[in-house]
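Letters A, B, ... mirror the listed sequences (proteins, then strands); counts begin at 1.
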Amino acid sequence: MAAPVPTPTMTPTAFVPAGAAAKIDVRQMHFYYGPRRVLDNVTLQIRPHEVTALIGPSGCGKSTFLRSINRMNDIVPGARVEGSICIDGQDIYAPSVDPVDLRRRVGMVFQKSNPFPKSIFENVAYGLRINRLARSREELGGRVESSLKSAALWDEVKDRLHTSALALSGGQQQRLCIARALAVEPDILLMDEPASALDPIATQRIEELVYQLKARYTIVIVTHNMQQAARVSDVTAFFWLGKLIECDRTNKIFTAPSQKLTEDYVTGRFG
Amino acid sequence: MTRTRRRKLLSSLFVAFCGSAVVVALTPLAFVLFFVVSQGARAVNLEFFTHMPTPVGEAGGGMANAIVGTLILTSLAAMIAVPIGVISGVYMSEYAGTRFAALVRFAADTLNGVPSIVIGLFAYAVVVVPFKQFSALAGGFALGTMMIPIIARTTEELLLLVPGSMREGALALGATRARAVFSVVLPAALPGIMTGIVLALARIAGETAPLLFTAFNNRFFNIRLTQPLSSLTVQVFTYATGPYEDWHRQAWAGALVLVTIVFACSLAARFATRRLERMHGRA
């Protein structure tokens, strides 16, 4: 059999597939939009409390992969998944799994910040309200506050919680979206190029935040920016034309990748 | 140099052309307003708002019954059309690609194009005839029927303008589809929908034909919905086509009040929209 998926190289200090300890366990996953195959036989294990970066050129399927972890692709007509994706050992595409419930446990931050046209407070409270996670007004307020603190936004907005979220700067809006996602206490945080529309200072703040958050969450981040992947992630997965080419410890991917294609990409020879 | 001059000359020519087109378009409006205000102002006084029509030949009197009647009829119409219209709009935008949504859209556009007198006949057939009675309800039903397609299409178009990222944001937090639509997408489009509703109200407030044989007319003050009801438009129509000088004056006054109501509606819509938009951070 010609191995379509290069398996990660085993070296003593390097990457060991998480196996049973994996938080997210993806096996032989194919993804289709109608007749078009977008992901081809992806097998990947993501460990808890680590930051996994997904890199690769535009259209390589990394965003699609990310969005299949919380079944956001379900709303796209014609989208279809084969193979399995398990979170904590439970196949999330099993008929018994409710995607609405899944999405509460797997938070997501989008490329373009998308605060609701409501106040800052109501943005963070939204997930708590719809999931009935706060039993009293005090608890609601407390959880909004702690979420905003976790997203390093509290000090900037505490005096104007009830003003429109759309008046915040781009970087603040993105941190608000992170706070909103954290409020419902997910285990996993998916980030789809969360800093691509931000200036360097705002980007740095998001990256610091990612670093802090990994103690409490399992984070998967899609990025176009290879320096960013190198800075924030523990593990990097390189996608190319719908295939997972290589997945390994980040320092290994950037210094001594086992695949020629990976090396060409991270050194900027293409993409 | 000559090229530049020629271009500048052409530019000012076109600007002048556009400007005069605007003037031509606005002239009828200016004349309508001028006549309504100048003729109406002479006849409008406090009595016009507080008194009932007087018997023929007797001077004075007012249209208190018709003013209240118009308010009742438009409220009835809104009560029927706003829920149905908004929910149909939500349906059309949520199931935009389906054949049934296309059918609903086509039906709404067709209904929108149906002459108002036909709508009146329809209301006559389904409400007046079975109950053997002209009534405010029949009038409200006719006006509501006219409003539904306007509100449905406005709602649909405004919902489609809300970025998909809003919906995704809500879904990603564990919202169901219905929840996402009603708690995020619909509120995001609300300022525009409100404006659409008020403009639709302003439009139907000026309708006469659908009321002629539904709400009919009533010389007396009435707030019972099962009885015939007077309205400004029908009253103006009756008075303007009547043979008496006094009636004509009253008709002008009625026209002025009607125009003022419509104008106030548009202003209120703009004001409300701006306030909502400020809350939404856009203004």
Checklist entry - Is B:Leu161 atom CG crowded by more than 12 heavy atoms from other residues, nucleotides or ligands, each under 6.0 Å away? => result yes
Checklist outcome for this item: Most heavy-atom pairs under 4.5 Å with chain A, out of B:Glu168, B:Met166, B:Arg167, belong to B:Glu168
Checklist entry - In terms of heavy-atom contacts, does CG of B:Leu10 have more than 12 from other residues, nucleotides or ligands at under 6.0 Å? => result yes
Checklist entry - Relative to chain B, which segment of A:Arg71 carries a heavy atom at a distance below 4.5 Å: side chain, backbone, both, or neither? => result neither
Item to check | Nearest heavy-atom neighbours spanning A:Ile130 and B:Arg179 | outcome: CG2-NE, 3.4 Å
Next on the checklist: Let's test your reading of the structure: which of A:Asp98, A:Val100, A:Asn70 forms the most heavy-atom pairs below 4.5 Å with chain B?
Outcome noted: A:Val100
Checklist entry - Does atom CZ of B:Arg270 have more than 12 heavy-atom neighbours from other groups under 6.0 Å away? => result no
Next on the checklist: Does any backbone or side-chain atom of A:Val109 lie under 4.5 Å from a heavy atom of chain B? Answer side chain, backbone, both or neither.
Outcome noted: neither
Checklist outcome for this item: Rounding to 0.5 Å, atoms NZ (A:Lys118) and OG (B:Ser183) come to a distance of 5.5 Å
Next on the checklist: Less than 4.5 Å to any heavy atom of chain B: does that hold for the side chain of A:Pro77, its backbone, both, or neither?
Outcome noted: neither
Item to check | Heavy-atom contact with chain B under 4.5 Å, split by part of A:Tyr126 | outcome: side chain
Item to check | Heavy-atom pair with the smallest gap, counting every atom of B:Ala172 and A:Met108 | outcome: CB-CB, 4.0 Å
Checklist entry - Has the side chain of A:Asn131 got a donor or acceptor atom that lies under 3.5 Å from a matching backbone atom of B:Leu173? => result yes
Checklist entry - chain B heavy atoms under 4.5 Å from A:Ile75: which part of the residue, side chain, backbone, both or neither? => result side chain
